[in-house]
Asks: 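Let me give you the structure first, and then I'll get to my questions.
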Number of protein chains: 2
Amino acid sequence: MARTYGGTTMADRKAHRRRTLLDVGTELLGTKGTAAVTVRSVCRAAKLTDRYFYESFAGREELITAVFDEVAELAATALRAAVAIQAPPPDLARAAVDAFLGVLTDDPRRGRILLLEPLTDPVLSAHAGDAMRLFEALIGSQLPTTDPVRAQLTATALLGALTHLFTRWLDGSLPATRAQLTDFCVAMLANSATADRS
Amino acid sequence: MARTYGGTTMADRKAHRRRTLLDVGTELLGTKGTAAVTVRSVCRAAKLTDRYFYESFAGREELITAVFDEVAELAATALRAAVAIQAPPPDLARAAVDAFLGVLTDDPRRGRILLLEPLTDPVLSAHAGDAMRLFEALIGSQLPTTDPVRAQLTATALLGALTHLFTRWLDGSLPATRAQLTDFCVAMLANSATADRS
DNA sequence: ATGGTGTGACGACACCCGTCGTCAATCAGG
DNA sequence: CCTGATTGACGACGGGTGTCGTCACACCAT
């Protein structure tokens, strides 16, 4: 029987503190960007003394990569569920775009964490790079081209297009409805899937 | 007759110091990113005392926006020259892509300064935003669609695609030759210019 | 009550930053 | 030589950072 303090076990308290730090990390990274995430700023916002930061994380790098990983896993899970359906490619693409957008609109901070900050922050860009390469390879493998260079160019272009569309839409500077955006993305993906046939 | 010191006029020395600061700003912003650009780091690298920083710039914001503006002006100039030729659209697109890539490959730091850092740095993003909106409007006005929403979606997608393609190619992670990349971009632009006709 | 554990606050240390005033040395023109 | 301009170095001030040890107090189980 674990000993309690304040009515909870040490393991529970530790988990709770870790959760709090991740939440604050998400808030700072997703609203102000990577420079705003420091050990002290996070602990200040979390109302925890910085000893507890080191209880869960070796340093800021570990925190921001953990925050990124949480969001990436959310997105991946949603995508996996969406494309698990048995449907023709256009419906799959629509389901995928819808699912991804759903994850982003459920919490707009996620767009910045998943799509923007990794473009310039050295820690995130090194960490996220593999995930992004994976996404590209996934997109690329769906393309009906036998030319690997062309496949990668297309996948990169698509990822770039989607990144810009999503982030711009999320920040309110794209005057499109969600349905219009979804339709456009689906058509764009479909167009790429058939472009080599022309 | 302006008084001289060390064989040069005050105006010349001031101009030289400003040039040096801009060069160092370009180096730091283009290789390490915005966080590495501080008044002290710039002056250290420029081997100037920080009094001289304030001779030309009110603060770091003014320096990084000046650095961005220099690169943007280079790109704009190259683009204007490239599309001044009398040629059919595919040749215009090719000339534009070639010119833009030329500016970037002449100095790879420019890709980061022009395309990446403004995505996340608040100062640059606010400052570059208008230039980017202009680029988008320009691309959009070349599209044969009467639907303004669709035009903007397309322009945004294209800008995103180009951004990713260029930055990924510049960092060496796209295994394509420059000719392959150029061909792809030209085809992509051409495809978008005709996509609405389908 | 006792001894051990957990917590919050804080100080230490060494570093960084932005901004600017001061001082000593050098340069320049009359 | 004299006086004023220019330069380089540096310190001041007030803020921030990462990391971690210490202390006083509160909590807990026995």
Asks: Do you know which of I113(A), D107(A), L29(A) makes side-chain contact (heavy atoms from CB on, under 4.5 Å) with V71(A)?
Replies: I113(A)
Asks: Salt bridge between D98(B) and R178(B), side-chain N to carboxylate O under 4.0 Å?
Replies: yes
Asks: Without decimals, in angstroms, what is the distance between I64(B) CD1 and dG18(C) P?
Replies: 11 Å
Asks: Could you check how far CG of L63(B) sits from P of dT19(C), rounded to whole Å?
Replies: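 The answer, rounded to whole Å, is 12 Å.
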Asks: How about F57(B) and R18(B): do any of their side-chain heavy atoms sit closer than 4.5 Å?
Replies: yes
Asks: When the distance from OH of Y52(A) to P of dC10(C) is rounded to whole Å, what number comes out?
Replies: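 Checked: the OH to P distance equals 15 Å.
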Asks: Taking CG from L21(B) and P from dG18(C), how many angstroms apart are they, rounded to a whole number?
Replies: 13 Å
Asks: Which one, dT19(D), dT6(D), dA12(D), comes nearest to the side chain of R40(B)?
Replies: dA12(D)
Asks: Check whether any side-chain heavy atom of S41(B) lies under 4.5 Å from a side-chain heavy atom of L28(B), and answer yes or no.
Replies: yes
Asks: Rounded to whole angstroms, how far apart are NZ on K47(B) and P on dA9(D)?
Replies: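 In whole Å, dA9(D) P lies 11 Å from K47(B) NZ.
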Asks: Just checking Y54(A): base, sugar-phosphate only, or nothing, at a heavy-atom cut-off of under 4.0 Å?
Replies: base
Asks: Of all the choices, dG18(C), dG18(D), dT7(C), which nucleotide is nearest to the side chain of R13(A) once you look at every atom?
Replies: dT7(C)
Asks: Under 4.0 Å, counting only non-hydrogen atoms across every strand here, what does T49(B) touch: a base, just sugar-phosphate, or nothing?
Replies: base
Asks: Of the nucleotides dT17(D), dT19(D), dT7(D), which one has an atom closest to the side chain of R17(B)?
Replies: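 Minimum distance to the R17(B) side chain belongs to dT7(D).
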Asks: Can you check the L48(B) CG to dT6(D) C1' distance for me, whole Å?
Replies: 14 Å
Asks: Using a 4.5 Å cut-off on heavy atoms from C-beta on, say whether the side chain of Q152(B) contacts that of P175(A).
Replies: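 Counting from C-beta outward, P175(A) and Q152(B) do come under 4.5 Å.
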Asks: When you get a sec, tell me which of dG18(C), dC17(C), dG8(C) is the closest nucleotide to the side chain of R44(B)?
Replies: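 So the nucleotide nearest the side chain must be dC17(C).
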Asks: Could you check how far CD of E62(B) sits from P of dT19(C), rounded to whole Å?
Replies: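 Rounded to whole Å, this separation is 11 Å.
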Asks: Side chains of T77(B) and E73(B): do they bring a donor and an acceptor to under 3.5 Å?
Replies: yes
Asks: Using a 4.0 Å heavy-atom cut-off to protein, can you give one letter per nucleotide of nucleotides 21-28 of chain D, 5' to 3': B if the base is in contact, S if only the sugar-phosphate is, - if neither?
Replies: -B---BSB
Asks: When you compare the side chain of L181(A) with that of F166(A), does any pair of heavy atoms fall below 4.5 Å?
Replies: yes
Asks: What's the CE-C1' distance between M10(A) and dG6(C), to the nearest Å?
Replies: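 M10(A) atom CE is separated from dG6(C) atom C1' by 7 Å.
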